[in-house]
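A quick write-up on the structure given underneath.
Note that the coordinates shown come from a computational prediction; the quantities given were computed from them, not determined experimentally. All residue numbers in this chain count up from 1 along the given sequence.
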Amino acid sequence: MTERPTGKWSGGLAEWTEGDTVYLSIAFTWRLDDAYSRAIFWRSMGYKVRAGGPAIFTRKHHLRDVAEIGGDIPDAVVRHNPMATIASRGCPVGCWFCIVPKMEGREFTLLPDFPVRPVLCDNNLSALPIDYQEHIIGRYQAEGVPLLDANSGFEPRTFDDECFARWRTINRGPWRFAYDDQQEREHVARCMRMLKDVQPKNKRVYVLIGNEPVASCLERLNEVIAWGGEPHAQPYIKLNALRKEPKIRFDWTPQLLADMARWANRRAWRYTDFAGYDRSANSARQQTNAAQEVLL
């Protein structure tokens with residue numbers, strides 16, 4: 001089987017062995033119970049177990065009785081995706097719903113000797129010092145590795161014409177941004193104007209939903225579409241949630257969150273607005289037919 005150029009993600013739980021020790025890296029808290037089961041299994045086989053990752057940071061005691069907790073494992077991201085790398089940690093923005101400033105800090109830690117791979121997972125590329133952005137770009141150019149996915153993307157507040165010109169020399173994948181709340185409208189709109197000549201499929205905007213009332217979140221999704229981009233809806237989930245279930249706030253319901261995420265992420269908006277979305281239509285053809293029936 002040919003490996004995809006951007007690799008395959010582990011689904012939030014990676015494990016590997018080195019000598020007599022098994023390492024568990026848990027990205028998402030809803031994988032902690034799975035990690036607990038794996039730790040028990042490996043201990044029964046006579047292995048020592050070490051566990052870490054963002055999920056452990058938020059729930060430090062969850063695996064304490066079955067694994068050694070913590071410690072730094074350089075380049076652990078490659079265990080989650082063999083094509084992934086990280087050139088810096090931290091983010092100065094400090095979003096209340098994000099684990100990065102809590103876990104990695106609001107000041108950047110630069111990793112200049114990072115392994116160059118096609119998927120770059122830095123938290124905030126556009127806010128990095130300009131000379132370090134140029135260092136990252138130079139590493140990619142020198143090693144002849146294409147940047148196929150700037151995975152966590154750019155910050156709308158700091159993405160400007162110079163930043164766009166700098167990164168377009170190596171970026172061969174989508175331009176990723178986040179549109180987390182109404183206060184970011186001006187910044188996201190400006191970024192989308194800058195990218196007006198980029199194909200819609202290469203303008204990917206993460207839109208957080210559930211963190212504001214329904215009408216506000218839907219408005220942000222529709223704005224991304226109107227600006228010529230493709231939104232990816234991300235329901236708000238608490239950082240320490242043990243189940244992959246959104247936090248219900250404002251006038252949302254679980255079904256409404258699920259419906260809006262599917263409407264956006266399955267690109268049903270190409271065929272109907274959200275009011276005409278039919279959750280029972282599984283394909284684009286079915287969704288188109290359902291929309292047409294509404295008009296008859």
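- Scanning all heavy atoms of the two residues, the minimum distance from Cys121 to Val77 falls at SG-CG2, 4.4 Å.
- Using modelled atom types, no side-chain atom of Arg89 and backbone atom of Leu110 make a donor-acceptor pair closer than 3.5 Å.
- Nearest approach of Gly90 to Phe108, heavy atoms of both residues: O-CE2, 3.2 Å.
- Exactly one residue among Arg267, Lys203, Gln199 makes a side chain to side chain donor-acceptor pair (under 3.5 Å) with Glu230. That residue is Arg267.
- To the nearest 0.5 Å, the span separating CG on Leu111 from OH on Tyr132 amounts to 5.5 Å.
- The environment of CD in Glu186 is sparse: at most 12 heavy-atom neighbours from other residues, nucleotides or ligands sit within 6.0 Å.
- Expressed to the nearest 0.5 Å, how far CG of Asp251 lies from OG of Ser216 amounts to 8.5 Å.
- The heavy-atom pair separating Pro246 from Leu257 by the smallest distance is CB-CD1, 3.5 Å.
- Under a 3.5 Å cut-off, the side chain of His80 and the backbone N or O of Gly12 do not form any donor-acceptor pair.
- Side-chain contact between Arg204 and His232 is absent, with no heavy-atom pair separated by less than 4.5 Å.
- With Trp252 contributing its side chain and Glu212 its backbone, the two residues share a donor-acceptor pair below 3.5 Å.
- Taking the six-membered ring wherever Trp is involved, the centroid distance between the rings of Tyr236 and Trp96 falls below 6.0 Å.
- When side chains are defined from C-beta on, Thr169 counts as touching Gln141, because their heavy atoms get closer than 4.5 Å.
- Between Leu147 and Arg172 the shortest side-chain heavy-atom distance does not fall below 4.5 Å.
- Residues Trp227 and Phe274 share a single hydrophobic cluster, defined by chaining ILVMFWY side chains whose heavy atoms lie under 4.5 Å apart.
- Two residues are said to be in side-chain contact when any heavy atoms from C-beta on lie closer than 4.5 Å; Val66 and Val49 fail this criterion.
- A salt bridge links Arg157 with Glu184: the distance from a Lys NZ or Arg NE/NH1/NH2 to an Asp or Glu carboxylate oxygen falls below 4.0 Å.
- Using a 4.5 Å cut-off on side-chain heavy atoms (C-beta onward), Thr6 and Met83 make no contact.
- Each of Ile86 and Ile56 belongs to its own hydrophobic cluster when Ile, Leu, Val, Met, Phe, Trp and Tyr are linked at side-chain heavy-atom distances under 4.5 angstrom.
- Looking at Leu239 and Phe97, their side chains never come closer than 4.5 Å, going by heavy atoms from C-beta outward.
- Applying the ring pair (Phe, Tyr, Trp, His ring centres under 6.0 Å) test to every pair with at least one member in residues 18-53, sequence neighbours left out, gives these pairs: Trp16-Tyr23, Phe28-Trp30, Trp42-Tyr47.
- Checked for salt-bridge contact, Arg117 and Asp75 meet the test: a charged N lies under 4.0 Å from a carboxylate O.
- The backbone N or O of Asp33 sits less than 3.5 Å from a side-chain atom of Ser37, completing a donor-acceptor pair.
- Lys102 places a side-chain N or O within donor-acceptor distance of the main-chain N or O of Cys98, the cut-off being under 3.5 Å.
- In the hydrophobic clustering of this structure, Leu208 does not group with Leu218; members are Ile, Leu, Val, Met, Phe, Trp, Tyr whose side-chain heavy atoms approach within less than 4.5 Å, directly or through other members.
- For the pair Thr85 (side chain) and Pro115 (backbone), a donor-acceptor distance under 3.5 Å is present.
- Heavy-atom neighbours of Lys48 NZ from other residues, nucleotides or ligands within 6.0 Å: at or below the threshold of 12.
- Surrounding CD of Glu18 are more than 12 heavy atoms belonging to other residues, nucleotides or ligands, all under 6.0 Å away.
- Under the 30°/60° scheme for interplanar angles, the aromatic rings of Phe177 and Phe159 are found to stand perpendicular.
- Closest heavy-atom contact between Leu221 and Ala264: CD2-CB, 4.1 Å.
- Distance OG1/Thr158 to CD1/Ile130: 10.5 Å, rounded to 0.5 Å.
- Residues Val119 and Val78 do not share a hydrophobic cluster, clusters being chains of Ile/Leu/Val/Met/Phe/Trp/Tyr side chains in contact below 4.5 Å.
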### Task
Apply side chain to side chain contact (heavy atoms under 4.5 Å, CB included) to Gln182 and Glu219, showing your working.
CA-CA 9 Å; Gln182 294 282 349; Glu219 182 179 29; 3.1 Å; yes
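- For the pair Ile136/Leu120, a side-chain contact is recorded, criterion being any heavy-atom separation below 4.5 Å from C-beta on.
- In this structure, Ile248 places its CD1 atom where more than 12 heavy-atom neighbours from other residues, nucleotides or ligands lie under 6.0 Å away.
- The distance from the OG1 atom of Thr109 to the CD atom of Glu107 is 8.5 Å, given to the nearest 0.5 Å.
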#### Entry: side chain to side chain contact (heavy atoms under 4.5 Å, CB included) between Glu104 and Asn123, worked out
CA-CA 10 Å; Glu104 299 181 3; Asn123 301 302; 3.0 Å; yes
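- Nearest heavy atom pair, residue Leu128 against residue Gln133, reads O-NE2, 2.8 Å.
- Pro118 has its side chain out of reach of Pro5: every pair of non-hydrogen atoms, C-beta onward, lies at least 4.5 Å apart.
- Using a cutoff of 4.0 Å between basic side-chain nitrogens and carboxylate oxygens, Arg176 and Asp149 are scored as salt-bridged.
- Separation of the Trp175 and Phe164 ring centroids falls under the 6.0 Å cut-off.
- Atom-to-atom distance recorded for Asn240:CG and Arg59:CZ is 4.5 Å, nearest 0.5 angstrom.
- Across all their heavy atoms, Ala178 and Val188 have their closest contact at O-CG2, 3.8 Å.
- The backbone N or O of Asn124 sits nowhere less than 3.5 Å from a side-chain atom of Asp122 that would complete a donor-acceptor pair.
- No salt bridge links Arg31 with Glu15; every basic N to acidic carboxylate O contact stays at or beyond 4.0 Å.
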### Task
Check the pair Tyr277 / Met260 against side chain to side chain contact (heavy atoms under 4.5 Å, CB included), numbers first and verdict last.
CA-CA 9 Å; Tyr277 176 66; Met260 192 173 292; over 6 Å; no
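- The main-chain N or O of Ala261 is found under 3.5 Å from a side-chain atom of Asn265 such that the two form a donor-acceptor pair.
- Hydrophobic clustering, with ILVMFWY side chains joined whenever heavy atoms are under 4.5 angstrom apart, groups Val22 together with Ile26.
- A cation-pi contact links Arg139 to Phe114, judged by a cut-off of 6.0 Å to the six-membered ring centre and 45° from its axis.
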### Query
Which is it for Glu162 and Arg168 under the salt bridge (charged side-chain N to carboxylate O under 4.0 Å, His left out) test, yes or no, and what are the steps along the way?
CA-CA 10 Å; Glu162 290 75 19; Arg168 73 187 307 178; over 6 Å; no
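- To the nearest 0.5 Å, atoms CG (Asp161) and CZ (Arg193) are separated by 10.5 Å.
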### Task
Start with the C-alpha gap between Val93 and Val100, add the side-chain angles, then the distance that decides, and say whether side chain to side chain contact (heavy atoms under 4.5 Å, CB included) holds.
CA-CA 10 Å; Val93 178; Val100 171; over 6 Å; no
